[in-house]
Number of protein chains: 2
Amino acid sequence: MNSNIIFDKIFKLPENSRKTLEENITLVHYPKGHILLKAGKIESNIYFIKKGIVRAYVNQNDSDVTFWFGKEGETILSMRSYVENQKGYEDIELLEECDLYELKTVNLQRLFEEDIHIANWGRKFAESELIKTEERLISRQFKTASERYKELITNNPDLIKRVQLGHIASYLGITQVSLSRIRAEIK
Amino acid sequence: MNSNIIFDKIFKLPENSRKTLEENITLVHYPKGHILLKAGKIESNIYFIKKGIVRAYVNQNDSDVTFWFGKEGETILSMRSYVENQKGYEDIELLEECDLYELKTVNLQRLFEEDIHIANWGRKFAESELIKTEERLISRQFKTASERYKELITNNPDLIKRVQLGHIASYLGITQVSLSRIRAEIK
DNA sequence: ATTAAAATTTAACAAATGATAAAAAATGAA
DNA sequence: TTCATTTTTTATCATTTGTTAAATTTTAAT
């Protein structure tokens, strides 16, 4: 997935603004298992996924709670670092080898001040993440774990193939044992 | 709460841009119980709460699922209408008499294209809503209903006084009966 | 103040999910 | 392939939350 496709996915940028953005990214490569962003750190980069799949999780007691998966075309960031320039609450782990476009937050912030199209691109990005997050929250509120699992395999069939079930269970807000039970009932 | 305080809460706007925004708002007043935004409609306004408290809910089968409360200083909008110009999924009900600043979405969209400060203000608004929503989703994922209730009364003590418990239970993702049980255990 | 309606609590039982442990299956390295 | 490790499933029992119904309390109108 090329950078221009990724940028245009969020919001159609004029040619000039897109070039400006592209001048500020570098392609990086990391192996499976790499921890890209770390909880408790103010992160200074955001990433666009060219290839691969990642998860965001919060470490609670001994166990991880996965709350987000990102794959090709999606954007990786530490929400607190990006929005408030504070320490993040999440780790980002690469679940496959990944090709990523890296962009320094400080440069992006500067572009937001200088280029109205990039500012609106950033606005559209936040808005589209917001609506996805709100819909997940609502789905969480009135659907059973079983319904949420069925919804996931319908909307995101490749996730099941690429991500181990323990992470999926966590993402659905249930234990792995519960998810196994649900899967057994469906068959 | 004055409009300038509300606007500056999100993002410090230059004087000129703030005036431009203020020229586009009108103060409106509705009684308790009024349904301000309706599910299934493309809403053409957003509102800033000067005084009062409201809830957003989705109607599922016979029952309402409340997923958001808004009070003084917060912004009311139909997420789908605002972000995608499509039919909204939520109703907004006024839980008290309200004074609201009304702003036409079409005007705001125009200002986003014309004024970089307003574009960044809109970006900051979406970002701050996004981080709040993500934190709620995560809290939902690894806290028990009891912990979430305690969190709510700590962070938002006046909510309990202003909003009936049935709505709070729904917001926490549990039944009213469960919430009563939790409240009884705490005492 | 009285009364009707609405909201909240309590109780009893059902259903869903969690916790722990063990078995089975899948994966990956030598 | 073989073997050790990791992941997934299955089983059992405990805990939490849901459902229904009734009792109690609060609210609001007359």
Side-chain angles (χ1 to χ4, degrees), chain A residues 31-34 53 55 57-58 60-67 69 93-97 137 139-153 157-187, chain B residues 31-35 53 55 57-58 60-67 69 93-97 137-153 157-187:
Chain A
K32 178 173 174 171
H34 179 69
I53 193 161
R55 73 178 179 118
Y57 63 92
V58 176
Q60 187 68 358
N61 318 328
D62 293 338
S63 68
D64 293 343
V65 178
T66 297
F67 63 90
F69 294 111
E93 179 194 4
L94 308 192
L95 301 177
E96 294 174 355
E97 265 199 309
L137 184 69
S139 152
R140 200 57 188 286
Q141 213 139 342
F142 62 69
K143 289 187 176 144
T144 63
S146 175
E147 287 170 325
R148 295 200 304 277
Y149 174 69
K150 286 174 199 156
E151 194 175 72
L152 184 72
I153 53 180
D158 64 323
L159 211 64
I160 308 291
K161 286 164 202 147
R162 298 171 74 181
V163 176
Q164 64 190 55
L165 291 173
H167 296 329
I168 306 249
S170 169
Y171 176 82
L172 292 171
I174 54 179
T175 60
Q176 177 162 353
V177 174
S178 276
L179 180 56
S180 270
R181 214 161 12 198
I182 288 166
R183 284 162 57 86
E185 280 160 19
I186 287 174
K187 278 175 210 156
Chain B
K32 178 174 174 171
H34 178 69
I35 307 297
I53 194 161
R55 73 178 179 118
Y57 63 93
V58 176
Q60 188 68 356
N61 316 330
D62 292 338
S63 68
D64 293 343
V65 179
T66 297
F67 63 91
F69 293 111
E93 179 193 4
L94 309 192
L95 301 176
E96 294 174 355
E97 266 199 309
L137 184 69
I138 295 171
S139 152
R140 199 56 187 288
Q141 213 138 340
F142 63 71
K143 289 187 177 147
T144 63
S146 175
E147 287 171 325
R148 296 200 304 277
Y149 174 69
K150 285 173 200 156
E151 194 176 71
L152 184 72
I153 54 180
D158 65 324
L159 211 64
I160 308 292
K161 287 165 201 146
R162 297 171 75 180
V163 176
Q164 64 190 54
L165 291 173
H167 296 329
I168 305 246
S170 169
Y171 177 82
L172 292 171
I174 53 179
T175 60
Q176 177 160 355
V177 174
S178 276
L179 180 56
S180 270
R181 217 164 5 201
I182 287 166
R183 285 162 56 85
E185 281 159 18
I186 288 174
K187 278 174 211 157

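The analysis underlying the following values was restricted to heavy atoms, covering all of them including side chains, and did not include hydrogens, waters or symmetry mates. Proteins come first, then strands; the chains are lettered A, B, ... in the order of their sequence lines, and each starts at number 1.
A:Leu179 places its CG atom 17 Å from the C1' atom of D:dA11, with the value rounded to the nearest Å. Between B:Tyr149 atom OH and C:dT8 atom P the separation is 11 Å, expressed in whole Å. With rounding to whole Å, A:Ile182 atom CD1 is found 17 Å from C:dA15 atom P. Taking atom CD on B:Glu96 and atom P on D:dA28, their separation rounds to 12 Å, with Å as the unit. Between the P atom of D:dT27 and the NZ atom of B:Lys32 lies a distance of 10 Å, rounded to the nearest Å. B:Lys143 places its NZ atom 15 Å from the P atom of D:dT17, with the value rounded to the nearest Å. As rounded to whole Å, 15 Å separates atom C1' of C:dT17 from atom CD of A:Gln176. To the nearest angstrom, P of C:dA7 lies 15 Å from CZ of B:Arg183.
Residues of residues 157-165 of chain A having a heavy atom closer than 4.0 Å to DNA chain D, listed by number: A:Gln164, A:Leu165.
Annotation: the span from B:Ile182 atom CD1 to B:Tyr149 atom OH amounts to 9.0 Å, rounded to 0.5 Å.
Legend: residues meeting side-chain hydrogen bond (donor to acceptor under 3.5 Å, both in side chains) with A:Ser170, ordered by chain and number and at least two apart, are absent. Taking the side chain to side chain contact (heavy atoms under 4.5 Å, CB included) definition, one finds that B:Ile35 meets it with B:Lys38, B:Tyr57, B:Asp91, B:Glu93, sequence neighbours left out. With sequence neighbours excluded, no residue forms a side-chain hydrogen bond (donor to acceptor under 3.5 Å, both in side chains) with B:Ser180. Partners of A:Phe69 by ring-ring contact (aromatic ring centres under 6.0 Å, His included), not counting sequence neighbours, listed by chain and number: A:Tyr171. A search for side-chain hydrogen bond (donor to acceptor under 3.5 Å, both in side chains) contacts involving B:Gln176 returns nothing, not counting sequence neighbours.
Here salt bridge (charged side-chain N to carboxylate O under 4.0 Å, His left out) pairs that include residues 139-150 of chain B, with residues two or more places apart or in two chains, are B:Lys143-B:Glu151. Note on residues 161-177 of chain B: pairs passing salt bridge (charged side-chain N to carboxylate O under 4.0 Å, His left out), not counting sequence neighbours, are B:Glu72-B:Arg162, B:Glu96-B:Arg162, B:Asp158-B:Arg162.
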For nucleotides 18-26 of chain D, give me every protein contact, N/O to N/O, under 3.5 Å, one pair per line with atom names.
residue, atom, partner, partner atom, Å
D:dG18, OP2, B:Thr175, N, 3.2
D:dG18, OP2, B:Thr175, OG1, 3.3
D:dG18, OP2, B:Ser178, OG, 2.7
D:dG18, N7, B:Arg181, NH2, 2.9
D:dG18, O6, B:Arg181, NH1, 2.9

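Contact record, B:His167 with B:Thr66: O-CB, 3.9 Å, taken as the closest heavy-atom pair. Here the shortest heavy-atom pairing between B:Asp64 and B:Arg55 reads OD2-NH2, 3.0 Å.
Each end of the helix from C:dA1-D:dT30 to C:dA30-D:dT1 yields a helix axis from five base pairs, and these two axes differ in direction by 60° (to the nearest 10 degrees).
Residue B:Val177 is tested with B:Leu179, B:Thr175, B:Ile174 for a side chain to side chain contact (heavy atoms under 4.5 Å, CB included); the sole match is B:Thr175.
Ranked by how close their nearest DNA chain D nucleotide is to the 5' end, A:Gly166 and B:Ser146 are led by A:Gly166.
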